[in-house]
There are 2 protein chains.
Amino acid sequence: MKARSHHEDEQHLTEQLGATGLRLTPQRQQVYDVLRHKRDHPTAEEVFIRAKKTMPEISHATVYNCLDALVKSGLARQVTLDRGATRYCPNMHEHGHFHCDACGTVFDVDLPAQAMPLPKGFKAEHFDIAIHGVCPDCDQKK
Amino acid sequence: MKARSHHEDEQHLTEQLGATGLRLTPQRQQVYDVLRHKRDHPTAEEVFIRAKKTMPEISHATVYNCLDALVKSGLARQVTLDRGATRYCPNMHEHGHFHCDACGTVFDVDLPAQAMPLPKGFKAEHFDIAIHGVCPDCDQKK
DNA sequence: CCCGCAATTTAGAATTGTTCTAAATCTTGA
DNA sequence: TCAAGATTTAGAACAATTCTAAATTGCGGG
């Protein structure tokens, strides 16, 4: 994981958002910071709660707006598992998500960069790989 | 796709449910029939509407219960894409789901049976592969 | 064959997650 | 400085799912 200075970070955000026709606002900065600060795949609600700690006036709708903006600009990914709330992940490196059925934790897992062969004519834009199972910790505790 | 007689079908259902400690009820049969009849990855709501055509008294909660029962027993799979409602798929053959961003259709796509290497200690139970892109039809129309 | 228990279903309320609305605020470029 | 467009806000509205308590069903034992 390459570290990035605050300034570089801001510039990166501005660029990526700009390319999608969006602005960098304090709220979007804040939501992005929340995602980067604790990469535990929080739900929109969790992001809302964390963001409020340093930006108490931020609203629910804004968090959804910001998350959507980040996703559209390629700064974050949605992670959907089961029927629960959608989670968000700022790791844009190619990876999948391992969900531990015992403790609920979601882990990023590297994937072999393999071409996924699709039937003729299908144009893939994006892959989402979710794996369900038991993580090492929970497996041992059994 | 191997055809199955109604009788064989019922026996298969009874067995699979039984192995999970569940009974085969008329409602579960009906929900399963709905899934098998039109394999377009319906949401719980859509299953509810279709099931009511031949079983008008069936309730919302029962449809969720039946779908859960089928999933637990390995007779159907959940398909979660984006933030929308969860969809259901009676195809238990190993496959992934291609979602066309243009027309919204969900296609079953065969996957190469490849071992997905996981970090040490992780025990995988189940893989879910979702692919976003454009289907051949929509790609041509552009 | 009937009984009682546990599983299941039911209607509807409650909860949770997400989107919408209209008004206020902020930017940006002319 | 101003107008136009983007963004944020609070709260209502909507959608998806789960819960609840009561009624029904169906199997195993007597």
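First the proteins, then the strands, lettered A, B, ... as listed; each starts at 1. Only this structure's heavy atoms are used, side chains among them; waters, hydrogens and symmetry mates stay out.
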(Q) Quick test of your reading of the model: are A/D128 and A/R77 salt-bridged, counting only N-O distances below 4.0 Å? (A)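 Counted as a salt bridge, because a side-chain N and a carboxylate O are separated by less than 4.0 Å.
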Q. Is it true that A/D33 and A/K38 make a salt bridge, defined as a side-chain N closer than 4.0 Å to a carboxylate O?
A.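 Result for this pair is no, no salt bridge flagged.
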Quick check on [N]: is either OP1 or OP2 less than 4.0 Å from any side-chain nitrogen or oxygen of [X]?
X	N	answer
A/R83	D/dT18	yes
A/Q27	C/dC26	no
B/T25	C/dT8	no
A/R23	D/dT7	no
A/S59	D/dT8	no
B/Y64	D/dT17	yes

For [X] and [N], give me the distance from atom [atom1] to atom [atom2], rounded to whole Å.
X	N	atom1	atom2	answer
A/M55	D/dT7	CE	C1'	12 Å
A/L24	C/dT28	CG	C1'	15 Å
A/D82	C/dT16	CG	P	18 Å
B/N65	C/dA11	CG	P	14 Å
B/D68	D/dA16	CG	C1'	13 Å
A/I58	C/dC26	CD1	C1'	15 Å
B/L22	C/dA6	CG	C1'	13 Å
B/F48	C/dG12	CZ	C1'	12 Å

Q. Hey, does A/T86 reach any base, or is it just sugar-phosphate, or nothing, if we go heavy atoms under 4.0 Å?
A.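 Sugar-phosphate contact only - A/T86 comes under 4.0 Å of backbone atoms but never of a base.
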Q. Across the strands shown, which category fits B/E45 at heavy-atom distances under 4.0 angstrom: base, sugar-phosphate, nothing?
A.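 The residue B/E45 makes no contact with any strand.
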Q) A/P26 or B/R28: which one's nearest nucleotide on DNA chain C is closer to the 5' end? A)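 Final value for this comparison: B/R28.
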**Q.** Heavy-atom side-chain contact between B/H95 and B/C89 under 4.5 Å
**A.**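 Answer yes - side chains close enough.
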Consider the side chain of [X], meaning its heavy atoms from C-beta on, and name the nucleotide among [options] that approaches it most closely.
X	options	result
B/A85	C/dT8, C/dG17, D/dA16	D/dA16
A/E57	D/dT17, C/dT9, D/dT9	D/dT9
B/H60	D/dT17, C/dG12, D/dG11	D/dT17
B/A61	C/dT10, D/dT9, D/dT8	C/dT10

Q) Quick check, are the ring centers of A/F122 and B/F107 under 6.0 angstrom apart? A)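 So the answer is yes for these two rings.
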Q. Between the side chains of B/H97 and B/H99, is a donor N or O closer than 3.5 angstrom to an acceptor N or O?
A.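 Not at all, the side chains of B/H97 and B/H99 share no donor-acceptor pair under 3.5 Å.
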